[in-house]
Structure formats: C-alpha cells, structure tokens
Q: 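Quick one: this structure, given as structure tokens, is what I'll be asking you about.
Both counts, for ligands and for their atoms, begin at 1 and track the order of listing. No hydrogens, no waters, no symmetry mates; every other heavy atom, side chains included, goes into these values.
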Amino acid sequence: MPGKDVDLVVIGAGLSGCALVAALRRRGWCGTIQILEAGRGPGGRCATRRRRDDLLWRLDHGSPTLSFQAEPSGQLRELITSLENRGVVRVDHDPVVGLDHHGDVVEAPDHPLLRGPRWRGIPTMATVVEALLADGGKDVDACFGERVQTLSRVEESWVFPGGLRAERLVLSGTLLAHPRSLAMLGWQDVPLRQAVPHGHDPVLDEALAWIAGLNATIRWNLMLEFPAVDLDPFPRQIWLTPQAQQQFGVERLVLQRQQQGRLGLVLHGLDDGALITPKTQPHLLTVQQQRLLSVLPELLRPWPSLQRLASSAHSLGVMRWGAAQPLDQGMSKALQWCNQARVGFCGDWIAGSGFGMAEGALQSSIDLAELIAP
Ligand SMILES: Cc1cc2nc3c(=O)[nH]c(=O)nc-3n(C[C@H](O)[C@H](O)[C@H](O)COP(=O)(O)OP(=O)(O)OC[C@H]3O[C@@H](n4cnc5c(N)ncnc54)[C@H](O)[C@@H]3O)c2cc1C
C-alpha cells in the first residue's frame with residue numbers, strides 16, 4: 001500500500017464506492033482519493049468475469065442489471081442519463097421468464113428486482129463501475145488485490161499498514177464493521193470497533209450496533225460455458241417461482257451471449273446455511289458445484305436445445321457472493337456519516353429507495369457525497 005497522505009480512503013470499488021467518487025466530483029469536491037479494493041478490478045457484485053484462456057469471454061457473474069424500484073429522479077436520474085448518453089448503459093428490455101416447480105415456463109414471479117425499470121451495462125456490467133471510477137479523474141488512485149484486514153486511527157487520522165494516512169474513511173461494504181467477518185475470516189474483533197473505542201463517536205456506536213444485527217445473504221453462482229446454440233426467443237433471465245426456488249435451491253438462471261455464438265450461463269444458487277470459514281469454503285464450493293450441475297438439466301427442460309448441451313457445458317467454477325442484505329429496511333441515513341470519527345458508509349444496505357439493489361447502492365453514494373461535500 002502506498003505511503004502517502006490522502007483526503008479520503010474508500011474501501012471497496014463496487015458500484016457504491018465508484019459512484020461515491022463520481023458523485024463527489026460532480027459536487028466539485030477535489031480532494032485526493034485512494035480506493036482500496038480486495039478484488040482484481042472494480043465491480044464488486046457488479047463485476048464481470050474474464051478468462052485468461054479466452055480473451056473475448058465476458059460474463060456478468062453477479063448482478064446482471066441495475067434494478068430500480070421506480071423511474072429515478074433528481075441526481076439519480078442525472079447519473080443514469082449521463083451513463084446512457086455515454087453509451088455505458090441502456091434500458092434492459094431483455095426477456096425475463098418464470099419457471100415453476102413443475103419445471104414449466106410461467107410469468108416471471110413478482111420480485112423487487114423485477115418490478116421497476118432496469119438498466120444494463122454495455123457491453124457488460126463492469127463497464128458501469130469503470131465509467132464511474134473514471135469520472136473521479138486523475139486524483140483518484142485505485143489499488144486492487146488489497147484486502148484491508150485492520151483499521152486504526154492515530155491522532156485524528158486513519159492510518160493503514162505501509163504508511164497510507166487519510167483524513168476521512170468510507171466503508172462501502174460491511175465486512176470491516178460486522179461480526180460475521182470474525183468467523184468467516186478468523187479475525188479477533190470487528191476492525192472498525194478496534195479502531196474507534198466505544199463512546200468516542202455516539203453516531204458510530206449506533207451504526208455499529210445496527211450493522212451487527214444485519215443478516216448476511218450468501219449466493220453460490222455457478223458459471224457455465226455452452227457451445228453455440230440457437231435459442232429463440234432468448235430469455236435473459238429465468239426466475240424460479242418461490243416454490244421452485246425451494247425445490248431446486250436456485251434463484252434464477254442468467255444467460256449472456258458470447259463471441260462466436262457461444263453462451264454464458266450463470267446459475268444463481270441459494271445458500272443452505274452451512275458454516276463458511278476459511279477451512280470449510282473449498283469443500284463447500286465443490287459441493288455447491290455438484291449440486292447445481294445436478295439440477296441443471298431439469299431446469300433447462302423447456303429449452304430442449306440447451307438441455308441437450310447441459311452435460312457438455314464447461315464449468316468455470318462457482319463464485320460465492322456474500323452481502324449484508326437488509327430485508328425490511330436499511331440502516332438509517334442519519335448514521336451514514338460519523339463526524340467525530342470521520343468515517344462514513346455507503347452501499348445497498350443503507351435505507352432509502354431501492355436498498356438491497358443497485359439503485360440503493362447508487363443513491364447511498366449520492367447521499368453520502370452530500371454529507372462529505374455539503
Ligand atoms: C448474485 C447477485 C445478483 C444480483 N442481482 C441484482 C439485480 O438483478 N439487480 C440489482 O439491482 N441488484 C442486484 N444485485 C445487487 C447488486 O449487485 C448490489 O446492490 C450492488 O452491486 C452493491 O454494490 P455495493 O458497492 O454496495 O457493494 P459491493 O458490490 O459488494 O462492493 C463492495 C466492495 O468492497 C470490497 N471490499 C469489501 N471489504 C473489503 C476489504 N476489507 N478490503 C478491500 N475491499 C473490500 C468488495 O470486494 C467489493 O468490491 C445482485 C447481487 C448479487 C450478489
């Protein structure tokens with residue numbers, strides 16, 4: 001990590017982290033920003049999987065779209081329009097169908113992610129975060145492959161191993177603030193709690209208490225390569241009805257055309273609650289891959305040309321997604337910026353329209369930018 005002083009460190013280059021950078025610049029804030037991201041590139045849950053053995057391959061293995069509850073307005077509308085005008089996103093009209101527990105095609109089930117308008121990254125979802133990051137300009141430095149494990153504050157500054165110091169800190173995920181990281185990563189204490197003792201910032205104390213109560217949702221996404229196949233009509237998403245989800249342990253299938261007519265397919269697998277630790281994860285990934293491959297032929301029954309190819313589909317492995325997902329309401333916006341400790345939060349888990357989805361991630365960043373740069 002670079003040894004330097006910056007005005008702001010943002011942990012996480014997902015949709016909200018990158019949107020924060022863009023929103024700060026739109027407000028004319030010209031401070032220096034260092035982004036620290038655990039992944040190999042920007043994107044987080046809106047990332048696109050590439051392959052070393054196939055340079056043309058692009059698969060949106062997390063979120064396939066930016067979903068909104070309703071038509072965006074205000075600054076959110078301005079952001080989407082700016083992305084549309086630059087050709088970064090387009091409205092997603094691609095067919096979404098439902099699949100019931102008999103394995104029959106039905107209308108897509110009612111789900112918050114499908115109710116309102118949706119936008120899609122062009123050509124992939126990663127393009128969206130890349131564009132937002134680029135809006136930050138030259139005073140944004142992004143460091144990838146950098147998983148922050150500890151946080152500390154020294155004389156009113158945030159200090160990182162290697163000598164990086166920052167006046168302000170923003171966490172775009174909850175990993176460093178949530179007790180679930182302790183079991184999952186074998187940590188002793190919640191890093192943000194270690195850095196700021198109880199009582200120093202009452203807003204932070206309240207935020208940490210709220211975050212501790214947040215549930216984590218896990219998805220096991222199996223990525224598959226299919227040879228060229230004719231599919232007409234071509235469903236972009238196949239959503240299982242609630243009963244079918246229970247039966248198959250799968251939320252949906254997402255299809256994405258590749259070069260030379262090939263097809264990328266992502267099975268969004270549901271979690272069964274097994275304890276995930278650094279020790280159990282490799283085994284769980286294998287178990288989930290086998291489980292998802294075994295239900296695939298049944299799920300593809302309404303698409304015989306695809307079903308015939310199921311056994312020859314090439315597995316590109318399973319991606320485990322973990323996210324704190326508020327079911328009823330997100331964390332209050334009043335807790336988004338903790339002024340005493342100079343730490344803030346953005347992400348799809350903050351209250352507001354569209355929390356738990358891309359809309360919420362974007363809106364939370366617009367809101368936080370207003371607090372940092374009033
Ligand atoms: C399988 C799946 C399907 C989805 N489908 C849809 C959909 O159809 N429509 C929709 O609108 N939304 C969907 N979503 C939700 C959508 O992806 C999220 O709302 C959005 O991407 C959240 O962005 P974020 O920046 O808040 O979080 P994230 O994308 O999780 O970003 C957080 C970033 O922080 C990084 N990070 C975390 N901790 C550390 C650390 N300690 N050190 C360094 N880096 C760290 C992570 O690597 C990550 O890149 C889906 C999500 C998943 C997982």
Side-chain angles (χ1 to χ4, degrees), residues 1 9-21 34-48 60-69 92 94 96 108 111-121 125-126 128-129 132-133 142-151 160 169-178 180-181 184-185 187 190-192 216-223 236-237 239 250-254 266-271 318-326 330 345-350 354-365 368:
M1 231 181 277
V9 160
V10 178
I11 298 182
L15 194 59
S16 63
C18 294
L20 173 68
V21 165
Q34 175 72 54
I35 299 187
L36 303 174
E37 164 59 51
R40 274 175 286 181
R45 284 174 281 152
C46 281
T48 300
D60 295 332
H61 59 332
S63 177
T65 60
L66 307 176
S67 305
F68 285 68
Q69 280 185 341
D92 180 21
D94 297 340
V96 179
H111 191 281
L113 292 178
L114 298 173
R115 260 175 230 156
R118 299 188 298 275
W119 278 265
R120 193 176 160 175
M125 292 303 285
V128 182
V129 276
L132 292 169
L133 196 53
C143 202
F144 297 107
E146 191 70 63
R147 180 179 289 285
V148 180
Q149 311 257 12
T150 55
L151 290 173
F160 297 84
L169 170 69
V170 167
L171 304 189
S172 70
T174 56
L175 197 64
L176 293 159
H178 194 290
R180 88 186 149 100
S181 48
M184 226 166 61
L185 296 159
W187 293 345
V190 172
L192 189 51
T217 323
I218 304 292
R219 288 282 184 278
W220 303 89
N221 282 15
L222 173 65
M223 298 165 280
R236 164 72 167 145
Q237 297 194 53
W239 273 80
V250 171
E251 181 193 60
R252 59 181 135 155
L253 287 77
V254 179
V266 183
L267 247 94
H268 290 229
L270 298 169
D271 187 43
V318 173
M319 173 75 195
R320 179 184 64 75
W321 293 109
Q325 224 164 37
F345 303 99
C346 59
D348 63 354
W349 48 281
I350 310 284
F355 73 84
M357 58 174 101
E359 177 185 2
L362 294 171
Q363 185 62 57
S364 75
S365 302
L368 183 58

Q: Below 4.0 angstrom from a heavy atom of Ser16, which ligand 1 atoms are there? Numbered from 1 as shown, please.
A: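 Per the distance check, 24 (P), 25 (O), 26 (O).
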Q: Hey, mind stepping through Arg252 and Leu113 against side-chain contact (heavy atoms from CB on, under 4.5 Å) and telling me if it holds?
A: CA-CA 12 Å; Arg252 59 181 135 155; Leu113 292 178; 3.6 Å; yes
Q: Ligand 1 and Trp321, any nitrogen or oxygen pair closer than 3.5 angstrom?
A: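 Min N/O separation from ligand 1 is not below 3.5 Å for Trp321.
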Q: Determine the sole option in Arg236, Met125, Arg118 for which the side-chain contact (heavy atoms from CB on, under 4.5 Å) test with Pro64 is passed.
A: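 That would be Arg236; it is the only one of Arg236, Met125, Arg118 passing the side-chain contact (heavy atoms from CB on, under 4.5 Å) with Pro64.
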Q: As a check for students: among Glu37, Gln149, Glu146, Arg45, identify the option with a heavy atom nearest to atom 51 (C) of ligand 1.
A: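 The nearest heavy atom belongs to Arg45.
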Q: Quick check on contacts: which atoms of ligand 1 are under 4.0 angstrom from a heavy atom of His268?
A: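 Near His268, the atoms of ligand 1 are 1 (C), 3 (C).
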Q: Which ligand 1 atoms are under 4.0 Å away from a heavy-atom of Ser67?
A: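 What qualifies from ligand 1 is 7 (C), 8 (O), 9 (N), 10 (C), 11 (O).
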Q: When you look for heavy atoms under 4.0 Å from ligand 1, do you find them on the side chain of Leu15, its backbone, both, or neither?
A: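 Both parts.
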Q: Using modelled atom types only, decide if a donor and an acceptor are shared between the side chain of Ser364 and the backbone of Ile350 within a distance under 3.5 Å.
A: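 No: the side chain of Ser364 does not pair with the backbone of Ile350.
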Q: Would you check the N or O atoms of Gly356, main chain and side chain alike, for any that come under 3.5 Å of an N or O of ligand 1?
A: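 Looking only at distances, the answer is no, because the N/O contact criterion of under 3.5 Å is not met.
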Q: What are the atoms of ligand 1, with element, lying closer than 4.0 Å to any heavy atom of Gly347?
A: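 Answer for ligand 1: 26 (O).
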Q: Using a plain distance cutoff, I'd like to know if Leu176 has any nitrogen or oxygen under 3.5 Å from a nitrogen or oxygen of ligand 1.
A: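 No, Leu176 has no N/O under 3.5 Å of an N/O on ligand 1.
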Q: Looking at Leu36, which atoms of ligand 1 are within less than 4.0 Å of one of its heavy atoms?
A: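 Listed by number with element, the hits are 43 (C), 44 (N).
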Q: Should Ile35 and Ile11 be marked as a side-chain contact (heavy atoms from CB on, under 4.5 Å) after you check the CA-CA gap, both sets of side-chain angles, and the distance that decides it?
A: CA-CA 6 Å; Ile35 299 187; Ile11 298 182; over 6 Å; no
Q: Of the choices Ser63, Pro112, Cys143, which has the non-hydrogen atom that lies closest to atom 17 (O) of ligand 1?
A: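 Selected option, by shortest heavy-atom distance: Ser63.
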Q: What's the verdict on side-chain contact (heavy atoms from CB on, under 4.5 Å) for Val128 and Leu15, showing C-alpha distance, side-chain angles and the deciding distance?
A: CA-CA 8 Å; Val128 182; Leu15 194 59; 4.0 Å; yes
Q: I'd like the name of whichever of Met357, Arg252, Gln237 reaches closest to atom 8 (O) of ligand 1 through any heavy atom.
A: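 Comparing heavy atoms across Met357, Arg252, Gln237, the nearest one to atom 8 (O) of ligand 1 lies in Arg252.
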Q: Under 3.5 Å, side chain of Asp92 to main-chain N/O of Asp94, donor-acceptor pair present?
A: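 Confirmed, Asp92 side chain pairs with Asp94 backbone.
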Q: Which of the listed options, Gly62, Gly39, Gly14, holds the heavy atom that is closest to atom 31 (O) of ligand 1?
A: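 It is Gly14 that holds the nearest heavy atom.
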Q: Taking the side chain from Ser63 and the backbone from Arg45, do they hold a donor-acceptor pair closer than 3.5 Å?
A: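 A pair under 3.5 Å: no.
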Q: Is the contact between Val148 and ligand 1 made by the side chain, the backbone, both, or neither, using heavy atoms and a 4.0 Å cut-off?
A: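 The answer is both, backbone and side chain.
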Q: Tell me whether Gln34 contacts the main-chain N or O of Val10 through its side chain, where contact means a donor paired with an acceptor under 3.5 Å.
A: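 Here the side-chain-to-backbone pair does not exist.
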Q: Can you sort out which atoms of ligand 1 are near Ala38, meaning under 4.0 Å from one of its heavy atoms?
A: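 Every atom of ligand 1 under 4.0 Å from some heavy atom of Ala38: 43 (C), 44 (N).
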Q: Output the list of atoms in ligand 1 that are nearer than 4.0 Å to some heavy atom of Arg147, sorted by atom number.
A: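 It comes down to these atoms of ligand 1: 42 (N), 43 (C).
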Q: For Gly44, counting its heavy atoms only, list the atoms of ligand 1 lying under 4.0 Å from any of them.
A: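 Ligand 1 atoms under the 4.0 Å threshold to Gly44: 29 (O), 48 (C), 49 (O).
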Q: Check whether Ser172 reaches the backbone of Gly347 with its side chain - one donor and one acceptor, N or O, closer than 3.5 Å.
A: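 Not a single qualifying donor-acceptor pair exists.
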Q: Taking the six-membered ring for Trp, are the ring centroids of Trp321 and His61 within less than 6.0 Å of each other?
A: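 Yes, close enough.
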Q: Strictly distance-based, threshold 3.5 Å: is any side-chain N or O of Glu37 a donor or acceptor partner for the main-chain N or O of Gly39?
A: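 Yes.
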